[in-house]
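Just so it is clear: chains get the letters A, B, ... in the order the sequence lines come, proteins before strands, and each one is counted from 1.
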There are 2 protein chains.
Amino acid sequence: MLKISELAAKTGLSAHTIRFYEKHDLIRASERSEAGYRYYNDSDIRRAEFVKAARNIGFSLEDISQLLSIRVDKTSHSCQEVTDITQHKLDEVNEKISELESMQNTLQILLKSCCGGPEKATHCSIIEALEAGAVVKDRGAA
Amino acid sequence: MLKISELAAKTGLSAHTIRFYEKHDLIRASERSEAGYRYYNDSDIRRAEFVKAARNIGFSLEDISQLLSIRVDKTSHSCQEVTDITQHKLDEVNEKISELESMQNTLQILLKSCCGGPEKATHCSIIEALEAGAVVKDRGAA
DNA sequence: GTTGACCTTAGAGTCAACTCTAAGCTTATA
DNA sequence: TATAAGCTTAGAGTTGACTCTAAGGTCAAC
């Protein structure tokens, strides 16, 4: 049985974050001491580690909430539900990557075009490019 | 001279956003009608388009604020100041891309490992991987 | 027996960049 | 002239994931 600071040390989450996750039903402390201190058993610890692993991969708390409800009752859920969540996350990640690569590209071009020296910025090609509307791609309603 | 909705149409920003940018000193309306309506002249419009271009590339409002102060007094600033801002942004973008690629990688591995079918999730390999601590990389204090 | 580290709670604050609301003028159109 | 579209303001709300605060109770060590 671990106290909250011990669970924090074990998972790499802060005690604050653990309480915050509890409020959102992601982590539970099966027991409490008489004084109200949280105590985490093995099952609680595994659940907390599951949450941390999912978080590291980039799943949102909402995603994790769904994954947890699958985890606690595996026979009522299919693999497809799990892959749907995972695929959806991958789609999001892929989209963000392309947005960022587009920015990366433009930034690299801008950097190459500019001397970057102590010269006055009077004819700075980066400023000029922005004035000319150095358009990459409108990120729209993303 | 354009009214706010016309500037909005021209730049692709919303009127709300234009007012919001004004509050943050990014965009100005050089004139106002007697009733208080904003009117944008050519210089205002170019400034607004500069802001939009910089925003599309991914610069923060804070970055843009700096770029604008260079733009309005180019002789007091050097190209190096501009490339510093740009390089810093590129570094940020590069870091986010690697984080996302790490997530992408893990998600792809997870998806490949799972049947994704209508089978019960009893032995779902994605859930199992998360239980085993499918660690990618701690995103730390980023 | 007292310091200091640790725990509790409810609730507020943070960040960035919007986005919206309410209440009330102004202007253009039919 | 009436209606609708458009403009004004200050200020509040949104999103997601924390992060911190205040005020106080608990526990281990010296």
Side-chain angles (χ1 to χ4, degrees), chain A residues 1-29 31-40 48 51-68 88-89 92-93 96 99-100 103 138-142, chain B residues 1-29 31-40 48 51-52 54-66 68 88-89 92-93 96 99-100 103 138-142:
Chain A
M1 301 286 264
L2 302 183
K3 280 196 285 186
I4 195 165
S5 64
E6 294 164 336
L7 182 64
K10 181 143 194 161
T11 57
L13 298 164
S14 76
H16 273 305
T17 300
I18 292 171
R19 289 192 203 98
F20 170 79
Y21 283 178
E22 183 182 294
K23 227 187 299 185
H24 291 263
D25 294 320
L26 300 180
I27 288 179
R28 280 175 307 145
E31 295 191 40
R32 292 278 186 137
S33 74
E34 290 204 349
Y37 284 27
R38 290 169 177 81
Y39 279 94
Y40 299 91
V51 169
K52 185 70 194 317
R55 200 73 198 86
N56 277 348
I57 291 172
F59 285 111
S60 68
L61 303 191
E62 173 58 30
D63 290 334
I64 295 172
S65 180
Q66 288 181 53
L67 291 171
L68 283 169
H88 184 250
K89 187 73 215 170
E92 267 178 38
V93 167
K96 275 197 201 145
E99 275 175 25
L100 286 167
M103 292 177 197
D138 197 307
R139 286 176 304 149
Chain B
M1 300 285 262
L2 302 183
K3 280 196 284 188
I4 195 166
S5 64
E6 293 163 337
L7 182 64
K10 181 144 192 160
T11 57
L13 298 164
S14 76
H16 274 303
T17 299
I18 291 170
R19 289 192 202 97
F20 170 79
Y21 283 178
E22 183 182 295
K23 227 186 297 183
H24 292 262
D25 294 319
L26 301 179
I27 288 179
R28 279 174 310 143
E31 295 192 38
R32 292 278 189 139
S33 74
E34 291 201 350
Y37 283 28
R38 291 168 176 82
Y39 278 94
Y40 300 91
V51 170
K52 185 70 195 314
R55 200 72 198 85
N56 277 347
I57 291 172
F59 284 112
S60 68
L61 303 191
E62 173 58 31
D63 291 334
I64 294 172
S65 180
Q66 288 181 52
L68 283 169
H88 183 251
K89 187 74 216 168
E92 267 178 37
V93 167
K96 275 197 202 146
E99 275 176 25
L100 286 167
M103 291 178 200
D138 198 306
R139 286 177 303 151

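- Residues B:N56 and A:M103 share a closest heavy-atom pair of O-CG, 4.5 Å.
- In this structure B:H16 satisfies the ring-ring contact (aromatic ring centres under 6.0 Å, His included) test with no other residue, sequence neighbours excluded.
- Taking atom NZ of residue A:K3 and atom C1' of nucleotide D:dC27, one finds them 7 Å apart after rounding to whole Å.
- Using a 4.0 Å heavy-atom criterion, one finds that B:S60 contacts the sugar-phosphate atoms exclusively.
- Between B:R55 and B:Y21, the shortest heavy-atom distance links the atoms CD-OH, 3.5 Å.
- Within 6.0 Å of atom CZ in A:R19, more than 12 heavy atoms from other residues, nucleotides or ligands are found, so the atom counts as buried in its surroundings.
- Listed nucleotides: D:dT8, D:dC18, D:dG25. Nearest to the side chain of A:Y37: D:dG25.
- Separating the CD1 atom of A:I57 from the P atom of D:dA17 is a distance of 15 Å, rounded to the nearest angstrom.
- Within 6.0 Å of NE2 on A:H24 lie more than 12 heavy atoms contributed by other residues, nucleotides or ligands.
- Rounded to whole Å, atom P of D:dT15 lies 13 Å from atom CD of A:E62.
- Within 4.0 Å (heavy atoms only), A:Y39 reaches no atom of the nucleic acid at all.
- Whole-Å rounding puts the A:R55 CZ to D:dA17 P distance at 5 Å.
- Atoms NZ (A:K23) and C1' (D:dA17) sit 11 Å apart, rounded to a whole Å.
- When the side-chain nitrogen and oxygen atoms of A:R38 are compared with OP1 and OP2 of D:dT26, none of them lie within a distance under 4.0 Å.
- The distance between atom CG of A:L26 and atom P of D:dG16, rounded to the nearest whole Å, is 14 Å.
- Of all nucleotides in DNA chain C, those with any atom nearer than 4.0 Å to a heavy atom of chain A start and finish, going 5' to 3', at C:dC6 to C:dT9.
- In this entry the distance linking NZ of A:K89 with C1' of D:dG16 reads 11 Å, nearest Å.
- At a threshold of 4.0 angstrom between heavy atoms, the contacts of A:R19 include nucleobase atoms, whether or not backbone atoms are also involved.
- Side-chain nitrogen and oxygen atoms of A:Y21 include at least one within less than 4.0 Å of the OP1 or OP2 phosphate oxygen of D:dC18.
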Taking distance alone, no hydrogens or angles, what donor-acceptor pairs closer than 3.5 Å link side-chain atoms of residues 58-65 of chain B to residues at least two apart or in another chain?
unit_1	atom_1	unit_2	atom_2	d
B:S60	OG	B:E62	N	3.4
B:S60	OG	B:D63	N	3.0
B:S60	OG	B:D63	OD2	3.1
B:D63	OD2	B:S60	N	3.1

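- What you find for A:A8 and A:S14 is that their closest heavy atoms are CB-C, 4.1 Å.
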